[in-house]
Amino acid sequence: MAREQRLDPEVEVIWEDFHAEVNVPSEQLRQWLLTRGSGEESFGPDPDLGLPEPGRQILRVLRKRKVDLTPEDIEVMRDAIDRIRTLTAEKPRAGNADDEWRHALLDLGHDVLVER
């Protein structure tokens with residue numbers, strides 16, 4: 001018999017906002033982060049350890065179920081939402097053609113080329 005777990009309504013909202021802003025699937029984010037972190041000294045014995053932050057933290061949260069979130073995960077989600085919203089609000093004149101801006105968003109799991 002499955003037990004019903006109730007989550008704080010604020011966590012529900014954060015979960016929904018996080019998944020609306022982080023629009024890249026976890027495996028695609030992992031591949032992107034591996035590409036970004038693939039300098040000569042970036043890779044160690046565990047490829048996930050070489051992933052850049054905060055992308056690695058976002059990836060860890062993406063792999064979790066809502067009921068398994070920790071307070072640290074919730075903070076990562078809040079931070080990702082804030083960073084993505086700040087960056088999208090500061091869209092450069094070149095828009096999606098600005099690679100530095102677009103890559104900063106991709107590092108957070110947000111692809112501006114994905115339609116909502």
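We're numbering straight along the sequence, starting at 1. As the structure is a computational prediction, the values presented were derived from the model and not from experiment.
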Q. Should V76 and R60 be marked as a side chain to side chain contact (heavy atoms under 4.5 Å, CB included) after you check the CA-CA gap, both sets of side-chain angles, and the distance that decides it?
A. CA-CA 10 Å; V76 166; R60 183 175 35 84; 4.3 Å; yes
Determine whether [X] and [Y] make a side-chain contact, defined as any pair of heavy atoms from C-beta on separated by less than 4.5 Å.
X	Y	answer
E21	L108	no
M77	D17	no
D68	R65	yes
Q57	D73	no

Look up atom [atom1] in [X] and atom [atom2] in [Y], then write down how far apart they are to the nearest 0.5 Å.
X	Y	atom1	atom2	answer
I58	R30	CD1	CZ	16.0 Å
Q31	L59	CD	CG	10.5 Å
D107	E53	CG	CD	11.0 Å

Q.
By the salt bridge (charged side-chain N to carboxylate O under 4.0 Å, His left out) test, which pairs, at least two apart or in different chains, include something from residues 87-103?
A. R102-D111
Q) Under a single-linkage definition using a 4.5 Å side-chain heavy-atom cutoff for Ile, Leu, Val, Met, Phe, Trp and Tyr, are V24 and L113 assigned to the same hydrophobic cluster? A) yes
Q: List in chain and number order the residues that pass side-chain contact (heavy atoms from CB on, under 4.5 Å) with E10, two or more places apart in sequence or in another chain; answer none if no residue qualifies.
A: D8, I14, R78
Q) For W15 and I74, what are the C-alpha separation, side-chain angles and deciding distance, and is it a side chain to side chain contact (heavy atoms under 4.5 Å, CB included)? A) CA-CA 8 Å; W15 176 266; I74 293 166; over 6 Å; no
Q: Using the ring-ring contact (aromatic ring centres under 6.0 Å, His included) rule, collect all pairs that involve residues 71-106, keeping only residues at least two apart or in two chains.
A: W32-H103
Q. Charged N to carboxylate O below 4.0 Å: is that the case for K66 and E12?
A. yes
Q. Can you check whether V22's main-chain N or O pairs, donor with acceptor, with H110's side chain at less than 3.5 Å?
A. no
Q) For R56 and L33, which heavy atoms make the closest approach, and how far apart are they? A) N-CD1, 3.9 Å
